[in-house]
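Notes follow once the structure below has been shown.
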Amino acid sequence: MSEIKHTPGPWDRSGSRIKMNGLQWHRIFKYSPDTKKDVNIACVIYDADTGDGFADACLIAAAPELLDELKQAVYAMGLMADILRRLVADDKRCATFLAGLDMTLSSANAAINKAEGRS
């Protein structure tokens, strides 16, 4: 696993919206026990009429945990693929499954690279 360059999680989303520049925002932050203050990560525009922005703020706040879980899943799938290749290399059904698994691993690794700024 690569070195973490982003602000490590967990991140939280503000329960209330803040007003700034005439707009409403949801704030994503991390509490720092060292300084006993919140460290701002991002702000997401919130549209009070439609509710747009709330789901985006929730997704951004979950990003560190999602990335960690994806990395663990990719590792486990890679081990599983290696074992299957050794056990049933000549089974056509297994080859089809492994091709799909390889595509999933490739997509997941691309998402990890994007999240870590390597794409």
Side-chain angles (χ1 to χ4, degrees):
M1 307 240 174
S2 62
E3 173 189 346
I4 294 176
K5 295 183 181 175
H6 62 78
T7 303
W11 296 352
D12 293 306
R13 178 194 47 80
S14 57
S16 58
R17 296 176 299 278
I18 58 173
K19 291 190 178 191
M20 182 171 54
N21 299 331
L23 299 169
Q24 293 186 54
W25 303 77
H26 273 290
R27 186 171 65 98
I28 293 86
F29 64 94
K30 176 182 177 62
Y31 178 75
S32 170
D34 296 335
T35 62
K36 299 196 180 351
K37 293 182 181 178
D38 294 338
V39 176
N40 287 321
I41 304 295
C43 287
V44 177
I45 293 177
Y46 175 76
D47 186 329
D49 295 331
T50 65
D52 288 347
F54 176 76
D56 296 335
C58 292
L59 179 62
I60 293 167
E65 289 89 353
L66 290 170
L67 180 59
D68 287 344
E69 292 301 322
L70 180 59
K71 286 179 175 181
Q72 289 179 30
V74 164
Y75 178 76
M77 285 189 293
L79 289 176
M80 187 170 56
D82 288 342
I83 290 167
L84 282 173
R85 276 189 188 82
R86 290 186 194 120
L87 292 176
V88 287
D90 54 347
D91 184 332
K92 289 186 185 213
R93 290 175 300 169
C94 187
T96 301
F97 173 77
L98 282 168
L101 184 57
D102 286 339
M103 286 185 357
T104 300
L105 284 167
S106 178
S107 296
N109 277 314
I112 291 168
N113 287 335
K114 182 177 180 181
E116 293 184 337
R118 292 192 306 256
S119 63

Ser106 (side chain) donor-acceptor with Asp102 (main chain) under 3.5 angstrom:
no
Between Ser32 and Thr35, is any side-chain donor less than 3.5 angstrom from a side-chain acceptor?
yes
Are Met77 and Leu84 grouped together when hydrophobic residues (ILVMFWY) are joined by side-chain heavy atoms under 4.5 angstrom apart?
yes
Pairwise side-chain contact, Val44 with Trp25, heavy-atom cut-off 4.5 Å (strictly under)
no
Hey, quick one: are Ile18 and Ile28 part of the same hydrophobic cluster, counting side-chain heavy atoms closer than 4.5 Å, chains of contacts allowed?
no
For residues 38-51, the salt bridge (Lys or Arg N to Asp or Glu O under 4.0 Å) pairs (sequence neighbours left out) are Arg27-Asp38
Are Ile60 and Phe54 linked, directly or through other ILVMFWY residues, by side chains that come within less than 4.5 angstrom of each other?
no
Tell me, which pairs form a ring-ring contact (aromatic ring centres under 6.0 Å, His included) where one or both residues lie in residues 28-48, sequence neighbours left out?
His26-Tyr46
With side-chain contact (heavy atoms from CB on, under 4.5 Å) as the criterion, how do Leu66 and Leu59 come out once you've worked through the C-alpha distance, each side chain's angles and the decisive distance to 0.1 Å?
CA-CA 9 Å; Leu66 290 170; Leu59 179 62; 3.8 Å; yes
Hydrogens and angles aside, do Asp52 and Thr50 bring a side-chain donor and acceptor to less than 3.5 Å of each other?
yes
Trp11 side chain to Pro64 backbone, donor-acceptor under 3.5 Å:
no
Nearest heavy-atom pair of Met20 and Cys43: which atoms, and what distance?
CE-SG, 4.4 Å
If every non-hydrogen atom of Val74 is compared with every non-hydrogen atom of Leu105, which pair is closest and at what distance?
O-CD2, 3.5 Å
I want to check something: taking the side chain as every heavy atom from C-beta on, are Leu67 and His6 in contact at a cut-off of under 4.5 Å?
yes
Is there a path of hydrophobic side-chain contacts, each under 4.5 Å between heavy atoms, that joins Leu101 and Ile83?
yes
From CG (Leu70) to CG (Asn109), nearest 0.5 Å:
8.0 Å
